[in-house]
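First comes the structure, then the notes that go with it.
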Amino acid sequence: MVISSIDLKDGKVVQLKNGKEKILERTDAQNLLREFDRYGETAVIDIDAALGSTNSDGTTANTELLTALLRGGSVRTGGGVRSVRRAKELVSLGAEKIIVGSAAFSAQNGAEGFLNTAFLDELVRAIGRQRVIISVDAKNGMIALKGWTEETQIPLIAAAQAAEQYANELLFTSIEKEGCMQGADTERIKSLRESVSCRLTVAGGVSTVDEIAELEKIGCDVQLGMALYTGAVKLSDAFAACLNWQKSPLIPVIAQSVSGEVLMLGFANQQALAKTAESGRLTFWSRTRNELWTKGEHSGNYLEVVRLRADCDRDTILATVIPHGPVCHTGSWTCFSAEADAASTLERLYGIIAERFQNPRPGSYTATLDDELVREKVEEEAEELTSAQEHGEVVWECADLLYFINVLMYRKGVIWKEVFDELDRRHKK
């Protein structure tokens with residue numbers, strides 16, 4: 001699959017050639033992340049930190065932006081991660097995986113023992129091997145460190161074989177190919193793939209969908225930057241090219257709500273997937289009518305696509321969607337239930353409250369709740385909950401309190417994802 005890349009320098013998104021020459025610069029990092037997150041993970045790299053361009057407190061010109069991006073999607077991050085404390089901090093801020101490079105190496109002579117095993121042991125204990133990605137960037141087959149400014153005599157293959165015991169994944173960038181749009185270092189990638197057994201992501205020079213598909217076939221993910229920014233590769237096309245169409249021309253697509261409720265199962269061919277990308281509405285191939293079928297094209301109950309993810313075998317798609325109306329043709333909310341409406345969730349309650357404020361109905365109690373009144377109600381209901389004794393009474397008071405908490409959250413612009421993300425960060429600390 002493709003991991004999209006957002007490289008940060010001086011508080012802006014950049015793309016560099018060979019890690020040095022700036023080719024382009026953008027200021028829409030948040031929009032880029034939303035676009036990239038639809039089709040997979042995003043790597044956010046703090047180039048200033050990698051180059052050691054930090055303030056006295058360890059921050060860089062990118063710190064504030066990086067922190068915001070970590071909350072916006074499936075993000076892996078790296079660049080100047082030189083301490084376990086920093087790695088833990090990034091995980092607590094929302095990073096799913098941490099990329100370490102220079103800190104993973106302690107010597108530069110190609111002999112045994114060039115890994116910084118003390119650091120890596122501590123890192124794995126602190127955040128878990130599943131969250132560790134070790135960067136084995138190389139120029140002419142030799143590892144380069146410190147933002148690629150320092151070449152070593154550490155052979156790429158030896159470094160990768162030693163590093164994989166500490167990482168769930170390796171990231172290899174061919175420095176001489178990076179940003180050049182002239183094709184990947186395919187032979188070196190094949191040698192590396194044959195030498196290690198862990199997940200391998202490669203970068204540098206990839207410029208076509210066909211290249212991405214070929215690298216997928218040999219078991220490599222691709223971290224893509226320049227090709228996306230220049231329009232040489234469309235992310236939706238890259239996503240489709242990585243799927244296992246050889247296994248079947250129709251791939252199962254599981255639709256689930258943002259809250260995780262399974263809504264329906266359908267099948268998509270490449271044409272249906274292209275229509276989904278174009279319209280933003282989930283589209284299938286009807287095996288009964290033998291034609292394309294966009295869910296809701298007749299009923300109006302369409303499925304707005306939030307993100308698509310392929311499974312590990314690349315033969316099934318999980319589509320996270322926002323349903324606009326009942327999903328099943330019977331009128332049920334899902335194809336796996338006879339209920340006519342969505343199950344109650346905190347997100348659904350929030351959505352109902354939001355709709356009451358945005359489109360107030362005559363006599364709507366919710367629409368009358370201003371900041372002062374809702375705060376008073378939260379205090380009142382919290383007190384009543386702490387006084388409740390019987391099971392049914394506790395249930396009743398919990399429901400009341402959750403309702404007013406949702407109202408307060410809406411009025412302050414807070415959504416449940418932010419709350420859950422904060423709880424998740426606390427769990428990871």
Side-chain angles (χ1 to χ4, degrees), residues 30 34 64 67-75 85 88-96 126-127 256-263 304 306-307 320-327 332-334 336-429:
Q30 298 278 13
R34 280 191 287 271
E64 184 177 348
T67 301
L69 293 174
L70 291 177
R71 302 189 182 104
S74 300
V75 175
R85 179 180 179 181
K88 289 176 64 177
E89 179 184 17
L90 290 167
V91 170
S92 72
L93 289 171
E96 294 187 356
I127 67 173
Q256 71 169 18
S257 68
V258 175
S259 62
E261 184 179 18
V262 176
L263 302 174
E304 177 185 345
V306 176
R307 69 178 61 89
T320 301
V321 299
I322 298 173
H324 291 257
V327 175
S332 297
W333 187 253
T334 90
F336 302 96
S337 169
E339 295 294 327
D341 205 352
S344 291
T345 64
L346 292 173
E347 290 90 346
R348 177 172 176 252
L349 174 58
Y350 186 96
I352 292 171
I353 289 168
E355 194 276 332
R356 293 290 191 272
F357 276 106
Q358 294 164 6
N359 303 291
R361 302 174 184 178
S364 170
Y365 172 67
T366 299
T368 67
L369 293 170
D370 58 23
D371 280 0
E372 182 178 358
L373 182 55
V374 72
R375 290 175 189 276
E376 290 176 356
K377 294 300 294 183
V378 168
E379 291 178 356
E380 176 186 323
E381 297 301 338
E383 184 175 350
E384 291 182 4
L385 175 59
T386 58
S387 301
Q389 299 296 325
E390 299 298 325
H391 181 274
E393 188 182 6
V394 172
V395 171
W396 181 277
E397 298 301 343
C398 281
D400 282 349
L401 180 58
L402 283 173
Y403 164 74
F404 287 109
I405 287 174
N406 267 274
V407 174
L408 178 58
M409 287 171 59
Y410 175 78
R411 293 198 63 88
K412 303 309 293 183
V414 175
I415 61 174
W416 277 108
K417 183 180 185 304
E418 293 175 295
V419 176
F420 292 141
D421 284 348
E422 176 59 27
L423 290 170
D424 192 39
R425 283 191 288 275
R426 294 180 186 184
H427 167 69
K428 290 175 180 175
K429 284 184 177 178

Could you go step by step and tell me if Val306 and Val321 meet the side chain to side chain contact (heavy atoms under 4.5 Å, CB included) rule? CA-CA 5 Å; Val306 176; Val321 299; 5.7 Å; no

Looking at [X] and [Y], what are the two nearest heavy atoms and their distance?
| X | Y | result |
| --- | --- | --- |
| Pro326 | Ser332 | CB-O, 3.5 Å |
| Leu69 | Val75 | O-CG2, 3.6 Å |
| Ala95 | Leu70 | CB-CD2, 3.9 Å |
| Lys88 | Ile127 | CG-CG2, 3.9 Å |
| Asp371 | Val374 | O-CG1, 3.3 Å |
| Ala367 | Ser364 | N-OG, 3.4 Å |

Quick one: does [X]'s side chain get under 4.5 Å of [Y]'s, heavy atoms only?
| X | Y | value |
| --- | --- | --- |
| Tyr410 | Ile415 | no |
| Ile353 | Tyr350 | no |
| Pro323 | Leu263 | yes |
| Tyr403 | Glu381 | no |
| Lys377 | Asp400 | no |
| Ile405 | Met409 | yes |
| Gln256 | Glu261 | no |
| Arg411 | Phe357 | yes |

For the pair Glu355 and Ile352, evaluate side chain to side chain contact (heavy atoms under 4.5 Å, CB included) and give the outcome as yes or no after the intermediate values. CA-CA 5 Å; Glu355 194 276 332; Ile352 292 171; 5.7 Å; no

Report the distance from atom [atom1] of [X] to atom [atom2] of [Y], rounding to the nearest 0.5 Å.
| X | Y | atom1 | atom2 | result |
| --- | --- | --- | --- | --- |
| Leu369 | Arg375 | CG | CZ | 12.5 Å |
| Thr320 | Glu304 | OG1 | CD | 12.0 Å |
| Leu90 | Glu96 | CG | CD | 13.0 Å |

Side chain to side chain contact (heavy atoms under 4.5 Å, CB included) evaluation trace for Cys398 with Leu385: CA-CA 7 Å; Cys398 281; Leu385 175 59; 3.6 Å; yes

Test your reading of the model: is there a side-chain donor-acceptor pair from Ser387 to the backbone of Glu383, 3.5 Å cut-off? yes

Around atom CD of Glu64, are there more than 12 heavy atoms of other residues, nucleotides or ligands at under 6.0 Å? no

Thr334 and Val262: CA distance, side-chain angles, deciding distance, side chain to side chain contact (heavy atoms under 4.5 Å, CB included) verdict: CA-CA 7 Å; Thr334 90; Val262 176; over 6 Å; no

